[in-house]
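I have placed the structure first, in the form of structure tokens, so that the comments after it can refer back to it.
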Amino acid sequence: MTRAVFLAHTAAPSGAELATLRLLDALRATGRYEVTMIYTEDGPMVARTRERGIDTDIVSGQFDSRAMRIGTGILGLLTGFLALLRLGWNVGAAVRDSRADVVVAESTKALVLGSVAARRARVPLVWQVHDRVSPDYFGRLPALAIRCLARLMCRGQLANSRATAATLPTGLPTAIAYPGVELPATQADPRTRPAAEAVVVVVGRLSPWKGQDVFLRAIAALDQRPARVVLVGGTFFGEEPYRAELEKLAAELGVAAEFTGHVDDPSEYLNTADILVHCSVLPEPFGQVVVEGMAAGCAVIAATPGGPAEIIETGVHGLLVPGGDTAALTTALDTLLHDPATRVRLATAGRARARDFDIHTGARVVADFLDTVVTRGD
Ligand code: GLC
């Protein structure tokens with residue numbers, strides 16, 4: 001049995017952390033791995049991870065994950081970086097005590113922590129990458145620095161899509177490990193409501209790069225608005241002002257959008273919506289919600305470029321539109337709203353396609369990759 005320690009710098013329930021939780025459960029189910037999750041702060045993910053009976057630790061220090069984010073000034077970055085290194089040293093002791101064979105870092109900050117921790121515990125470090133390490137997301141210099149650090153400190157990297165892999169350093173063993181979904185035993189049937197009764201949802205954190213403003217504008221431009229427009233998702237990383245902006249925009253546009261805030265389990269929305277929209281304006285690294293919507297029988301419209309283009313063949317499993325293109329999104333919505341037959345055809349093919357992203361398949365890819373890293377380290 002191999003022992004792997006997974007590291008997360010935040011315990012907020014955002015995409016990467018939720019993907020990690022599902023992965024750990026499925027990795028254990030392979031019977032090949034014993035897993036421990038280390039968070040460096042308390043938060044909702046701690047209880048959710050423990051609920052599943054996964055060995056979970058909190059190793060905290062002076063580091064505040066919110067104080068160091070994209071857009072922080074150079075001094076803030078430096079102070080944050082030093083605190084991260086110190087925390088990494090403490091994490092290293094926990095890793096050593098757990099007798100781990102490998103450490104897996106689940107974010108960029110976890111990569112910094114993990115670099116120190118893995119050295120201290122003398123085990124190989126793998127970086128599981130959920131973000132595109134590109135100038136448009138991180139800025140030019142930080143993206144370069146992150147790539148150099150990974151190249152120097154990691155034994156291998158797991159990318160959540162080919163789009164993400166294309167932004168990573170070359171010369172390291174790399175595998176594509178698509179995040180998996182936990183497929184329900186029975187998948188809901190596609191919905192066939194007429195346009196005026198249809199339900200359209202967007203699911204995900206409310207964040208400017210997720211483009212919910214584009215969605216509201218696209219809805220406003222429709223001749224026939226659907227019965228319900230629902231934005232499911234919370235704000236975690238200083239994104240509260242964006243929610244206020246969205247509510248103001250919806251009011252200005254006269255769109256009666258419902259904002260649910262964060263919900264732990266969005267399946268009640270996904271299982272009943274006719275259409276799920278994904279509308280990120282930066283290339284989405286993967287886009288778990290696209291697969292979740294397909295698995296739940298929604299007809300999905302998703303933005304390109306990025307992960308969604310690796311999930312959906314447009315016109316077959318859903319519709320792809322260029323991210324940030326409001327007119328194209330309006331056209332796609334209009335097509336699906338007025339043509340329930342097409343909606344059902346795409347949703348049915350999408351539901352079958354979602355099964356390719358079963359978490360148990362993903363966990364085997366990760367286990368096989370970690371095996372090669374651990375063996376090479378022996
Ligand atoms: C991050 C990415 C998202 C991806 C998720 C899981 O949240 O932004 O695209 O689906 O990680 O890898």
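All heavy atoms count here, side chains included; hydrogens, waters and symmetry mates do not.
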Does the side chain of Pro190 come within less than 4.5 Å of Arg351's, by heavy atoms? yes
Arg50 atom CZ, over 12 foreign heavy atoms within 6.0 Å: yes
Using a distance-only test with no angle check, is there a side-chain donor-acceptor pair under 3.5 angstrom linking Asp371 and Tyr33? yes
Linking directly or through intermediates, with side-chain heavy atoms under 4.5 Å: list the remaining ILVMFWY members grouped with Leu172, chain and number order. none
What distance separates Lys248 NZ from Leu253 CG, expressed to the nearest 0.5 Å? 11.0 Å
Got Pro283 and Arg132 here, is their nearest side-chain heavy-atom distance under 4.5 Å? yes
Distance (rounded to the nearest 0.5 Å) between Leu319 CG and Glu313 CD: 12.0 Å
Would you sort out whether Thr2 and Glu34 count as a side chain to side chain contact (heavy atoms under 4.5 Å, CB included), showing the intermediate values? CA-CA 6 Å; Thr2 312; Glu34 261 173 30; over 6 Å; no
Let me confirm one number: the CD1-CD1 distance from Ile58 to Ile38, rounded to the nearest 0.5 Å. 11.0 Å
With side chains defined as the heavy atoms from C-beta onward, is the minimum distance between Ser115 and Leu125 less than 4.5 Å? yes
Side-chain (Arg162) to main-chain (Gly307) donor-acceptor, under 3.5 angstrom: no
Applying the 4.5 Å side-chain criterion to the ILVMFWY set and letting contacts propagate, would Leu152 and Trp89 be lumped into a single cluster? yes
Should Phe259 and Leu246 be marked as a side chain to side chain contact (heavy atoms under 4.5 Å, CB included) after you check the CA-CA gap, both sets of side-chain angles, and the distance that decides it? CA-CA 9 Å; Phe259 291 80; Leu246 288 174; 3.8 Å; yes
Tell me if a side-chain donor or acceptor on Asp131 pairs with a main-chain N or O of Thr108 at a distance below 3.5 Å. no
Distance-only donor-acceptor check, side chains Arg32 and Thr30, under 3.5 Å: no
Donor-acceptor contact below 3.5 Å, side chain Arg353 vs main chain His317: no
Donor-acceptor contact below 3.5 Å, side chain Thr272 vs main chain Glu268: yes
Is the side chain of Asp265 donor-acceptor paired with the backbone N or O of Ser267 at a distance under 3.5 Å, no angle test? yes
Decide side-chain hydrogen bond (donor to acceptor under 3.5 Å, both in side chains) for Gln157 and Arg151; before the verdict, give the C-alpha distance in whole Å, the side-chain angles of both, and the deciding distance to 0.1 Å. CA-CA 9 Å; Gln157 48 197 7; Arg151 183 72 187 80; over 6 Å; no
Nearest-0.5 Å distance that lies between atom CG in Leu333 and atom SG in Cys279: 9.5 Å
Please enumerate all residues that pass side chain to side chain contact (heavy atoms under 4.5 Å, CB included) together with Trp209, with sequence neighbours excluded. Tyr137, Arg205, Ser207, Ser280, Leu282, Glu284, Pro285
Does Arg191 use its side chain to pair, donor to acceptor, with the backbone of Asp189 at less than 3.5 Å? yes
Checking the side chain of Arg22 only, and the main-chain atoms of Gly180 only, is there a donor and an acceptor separated by less than 3.5 Å? yes
Are any of the side-chain nitrogens in Asp358 or Arg364 under 4.0 Å away from the carboxylate oxygens of its partner? no
Flag, side chain of Thr326 to backbone of Val214, donor-acceptor distance under 3.5 Å: no
Could you tell me whether the side chain of Asn271 and the main chain of Ala188 form a donor-acceptor pair under 3.5 Å? no
Aromatic ring centroids of Phe236 and His262 under 6.0 Å? yes
Is the shortest side-chain heavy-atom distance between Val133 and Leu168 below 4.5 Å? yes
For the residue pair Thr10 and Glu17, confirm or rule out a side-chain donor-acceptor distance under 3.5 Å. no
With ILVMFWY side chains joined below 4.5 Å, transitively, what does Val232's cluster contain besides itself? Ile176, Tyr178, Val181, Leu183, Val199, Val201, Val203, Val230, Val263, Tyr269, Leu270, Leu276, Phe286, Val289, Val290, Val291, Met294, Val300, Ile311, Ile312, Leu320, Phe357
Between CG of Leu158 and CH2 of Trp127, what distance do you get to the nearest 0.5 Å? 11.5 Å
So salt bridge (charged side-chain N to carboxylate O under 4.0 Å, His left out) across residues 169-186, not counting sequence neighbours, yields Arg52-Glu182
Is there a path of hydrophobic side-chain contacts, each under 4.5 Å between heavy atoms, that joins Val365 and Phe369? no
Testing the 3.5 Å rule here: is there a donor-acceptor pair between the side chains of His9 and Thr40? no
For residues Arg225 and Ile219, determine if any side-chain heavy atom of one lies less than 4.5 Å from a side-chain heavy atom of the other. yes
Given side-chain hydrogen bond (donor to acceptor under 3.5 Å, both in side chains), test Thr164 with Ser161 step by step and report yes or no. CA-CA 5 Å; Thr164 295; Ser161 66; 3.2 Å; yes
So how far is it from Glu239 CD to Gln212 CD, rounded to the nearest 0.5 Å? 9.0 Å
Polar side-chain atom of Ser98 near backbone of Arg96 as donor-acceptor pair, under 3.5 Å: no
Just jot down the side-chain hydrogen bond (donor to acceptor under 3.5 Å, both in side chains) partners of Thr304, sequence neighbours excluded, or say none. none
Please determine whether side chain to side chain contact (heavy atoms under 4.5 Å, CB included) holds for the pair Val123 and Val102, giving the CA-CA distance in whole Å, both sets of side-chain angles, and the decisive distance to 0.1 Å. CA-CA 5 Å; Val123 290; Val102 58; 5.8 Å; no
With side-chain hydrogen bond (donor to acceptor under 3.5 Å, both in side chains) as the criterion, how do Glu106 and Thr20 come out once you've worked through the C-alpha distance, each side chain's angles and the decisive distance to 0.1 Å? CA-CA 7 Å; Glu106 291 292 334; Thr20 304; 3.0 Å; yes
Minimum heavy-atom separation for Ala302 to Pro308, with atom names? CB-CB, 3.8 Å
Of Glu245, Glu247, Glu240, which is the lone residue that meets salt bridge (charged side-chain N to carboxylate O under 4.0 Å, His left out) with Arg243? Glu247
Restricting to side-chain hydrogen bond (donor to acceptor under 3.5 Å, both in side chains), what partner residues turn up for Glu258, sequence neighbours left out? Arg228
With side-chain contact (heavy atoms from CB on, under 4.5 Å) as the test, pick out the partner of Phe215 among Val255, Ile301, Val277. Val277
Between Val103 and Val126, is there a side-chain heavy-atom distance shorter than 4.5 Å? no
For side chain to side chain contact (heavy atoms under 4.5 Å, CB included), just list the numbers for Val95 and Arg120, CA-CA rounded to whole Å, side-chain angles, deciding distance to a tenth of an Å, and then say yes or no. CA-CA 9 Å; Val95 170; Arg120 181 165 190 201; over 6 Å; no
Do the non-hydrogen side-chain atoms of Leu337 and Leu222 ever get within less than 4.5 Å of each other? yes
Heavy-atom closest pair, residues Ala303 and Gly323: CB-CA, 3.7 Å
Checking Leu7, Val366, Leu370, Asn160 against Gln128 for side-chain contact (heavy atoms from CB on, under 4.5 Å), the one that qualifies is Val366
